[in-house]
Novice: 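Attaching a single structure in structure tokens format; questions to follow.
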Amino acid sequence: MVVPELRPWRAARPHATRVANAVRPRLARAAGAVRPGLTRATDAVQPYLVRTVAAVKPQVTRLARIPRPKAVRTWQYTAGAATAGLALAATVATAAGPWDSSGQRTAERDRAVALERTGGTDHGGDSGSTAAGPGPAPSAPSVLTALGGAANTVKSAPTGQALAAVLGPLLGNTALGTRHTAAVVDVATGKRLYGAGAGTALTPASTTKIATAVAALSALGADHRLVTRAALEADTKELVLVGGGDPTLTARADAQGWASLRELAEETATALKKRGIKTVTLSYDKTLYAGSEIHPIGVNDNLAPVSALMVDEARTDGTASGPAPRTTDPAADATRTFARFLSEHGIRTTSPGPSKATGRAENLAEVLSPPLSALVERMLTNSDNDIAEALARQTAVVDRQRADFAGGGKAIRAQLKKLGLPLAGADFHDGSGLDRDDRLTANLLTSLLVKAGDPAHPELRPALTGLPVAGFTGTLTSRYTDGAAGVVRAKTGTLTGVNTLAGTVVDQDGRLLAFAFLTSDTTDPRAAQNALDRTASALAACGCG
């Protein structure tokens, strides 16, 4: 039995992975609580933040250095602020307002500017099929260390002994089961600062998606787009809807920047009428992918049958994320919807059936997904299994592997090997982490995050920018609300008896740390989740240099 990710983010807009929409109302409430008459921006807020930090920092320092599980609680170091979002990381919040309008920490933005790197967090907007659509804009600077804008403001990295004193008791919590592993790495240097069984492979659950993200971005590039097209066989007048493996293709009236099946139908109908065609034999081509469409876990609300052609992730309840009932034949269902849209434009069709477009077929119309960077961010933020399995197969296609579950796993491994990542003990059976036979190490997970921050690999940065933000977005929306909100960014993982967490955190000294915690044989998922959150929060509260 698979336990779905706890409290999945059900945003009304499928591309609402941007932090801005989640942060803006919280900041507004916080401003009202702190200073009801506040109408100015940074200049007015900054003095208050300085005073707040000055008031709480002595308590923070003491708390961060106490090596007892119950003593390291980040809600204490954020005390005095109206919300956790206004007291992000204490010592770094005073350099500039903690968030800009896009939800990116302004200090991160300033660091990126200092490095003369362009980009932004906004992957939304009308980026469907037009050439004028925005290109990928991975926003995280390559190494988010000097958050105040000057390298000398960042203190030395935490010591292993100090981290062991803080993390050891927390990881020893019985709620974390009989087996656990951990690793903490300084993203600036790539140096491992702490490890506990870091080379031991355990079931990673959905933290597997970090590996899938890095592999897909490496294989296809951050600006790659998935194409869904309508092709006409000139000799037979057969119209073939050709799936390009885009699980974000939508039939909704408001496509909100994703590829639109309605738009494809309208453009196809226009092209057919220009040719004097008003009746066609309608078929669909889903041959890009191979093998079984059903995951080894069986039919499950966490994942639709994996097809190269689907619309709205084959959901039947109108949701955009999280578990949901799915249609049993996504390709046929998508094509029937396409036929309905064609009929609205005066094109009659036969009942659709499977086919394969020939090389002679004429492309009448096509729609493109947003760039791969946006798909990766949505996958990580929402822990989207459908996107994860699609990206694994897309990676397999590029790697010339069979585009099925096994081929996707082989392709992910091959791409990570090319990047020089430590794969000892790792085993990939899917792209989502739903397969209990998947194995990853804490060492690999932290290495993936460090590689995503490597200035030599800017194409991998969506693997960082897509991580849920504690207390604000995705699977962490309702977690860390009493501490470390906005400071921890992490991917969660939950299966029966398995709880994992991997991501990044800015510690009290301004260091960006990558961490990975994997546990097995847990009996209470809620207690295990809370224990992992306390451990990540301890890193945020740590001044362990």
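The basis for the numbers below is simple: all heavy atoms, side chains too, and nothing from hydrogens, waters or symmetry mates. Here the structure is a predicted model, which is why all the values come from computation and not from measurement.
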Novice: Under a plain distance cut-off of 3.5 Å, with no hydrogens placed, do D312 and T250 share a side-chain donor-acceptor pair?
Specialist: yes
Novice: Is a donor from one side chain sitting under 3.5 angstrom from an acceptor on the other, for D435 and H295?
Specialist: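 Looking only at side-chain atoms, H295 and D435 do not form any donor-acceptor pair under 3.5 Å.
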Novice: In sequence, state the C-alpha distance, the side-chain angles, and the governing distance for N302 and N300, and then conclude on side-chain hydrogen bond (donor to acceptor under 3.5 Å, both in side chains).
Specialist: CA-CA 5 Å; N302 286 288; N300 191 287; 2.7 Å; yes
Novice: Under a plain distance cut-off of 3.5 Å, with no hydrogens placed, do T203 and R439 share a side-chain donor-acceptor pair?
Specialist: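 Judged by distance alone, the side chains do pair up.
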Novice: Less than 6.0 Å separating the ring centroids of H429 and F405?
Specialist: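 They do not qualify: ring centres at least 6.0 Å apart.
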Novice: Within this structure, what is the CZ-CG distance for the pair R393 and D399, rounded to the nearest 0.5 Å?
Specialist: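 R393 atom CZ to D399 atom CG measures 14.5 Å (nearest 0.5 Å).
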Novice: Distance check, rounded to the nearest 0.5 Å: S218 atom OG versus H457 atom NE2?
Specialist: 7.5 Å
Novice: Could you pull out all residues at least two apart from L220 that satisfy side chain to side chain contact (heavy atoms under 4.5 Å, CB included)?
Specialist: A216, H224, L372, Q394, T395, V398
Novice: Going from OG on S520 to CZ on R436, what distance comes out if it is rounded to the nearest 0.5 angstrom?
Specialist: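 If we round to the nearest 0.5 Å, S520:OG and R436:CZ are 8.5 Å apart.
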Novice: Looking just at side-chain N and O atoms, do D533 and Y480 make a donor-acceptor pair shorter than 3.5 Å?
Specialist: yes
Novice: To check you understand the geometry: which heavy-atom pair defines the closest contact between K491 and T207, and what is its length?
Specialist: O-CG2, 3.5 Å
Novice: So, R511 and D509, do they make that salt bridge, N to O below 4.0 Å?
Specialist: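 So R511 does not pair with D509 through a salt bridge.
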Novice: With no hydrogens and no angle check, do the side chains of T228 and D246 hold a donor and an acceptor under 3.5 Å apart?
Specialist: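 Their side chains do not contain a donor-acceptor pair, so the 3.5 Å distance test is not met.
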Novice: Quick one about S432 and K209 (side-chain donor to acceptor, distance below 3.5 Å, no hydrogens or angles considered), yes or no?
Specialist: no
Novice: Considering non-hydrogen atoms only, spot the tightest contact between A485 and G471 and give its length.
Specialist: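 The pair with the smallest heavy-atom distance is CB-CA, 4.4 Å.
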Novice: Please say whether more than 12 non-hydrogen atoms of neighbouring residues, nucleotides or ligands are located less than 6.0 Å from NZ in K410.
Specialist: no
Novice: Can you tell me how far CG of L391 sits from CG of L226, rounded to the nearest 0.5 angstrom?
Specialist: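 One gets 7.5 Å once the value is rounded to the nearest 0.5 Å.
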Novice: Working note: R479 + N530, criterion side chain to side chain contact (heavy atoms under 4.5 Å, CB included); need CA distance, chi angles, decisive distance, verdict.
Specialist: CA-CA 9 Å; R479 293 167 64 166; N530 291 339; over 6 Å; no
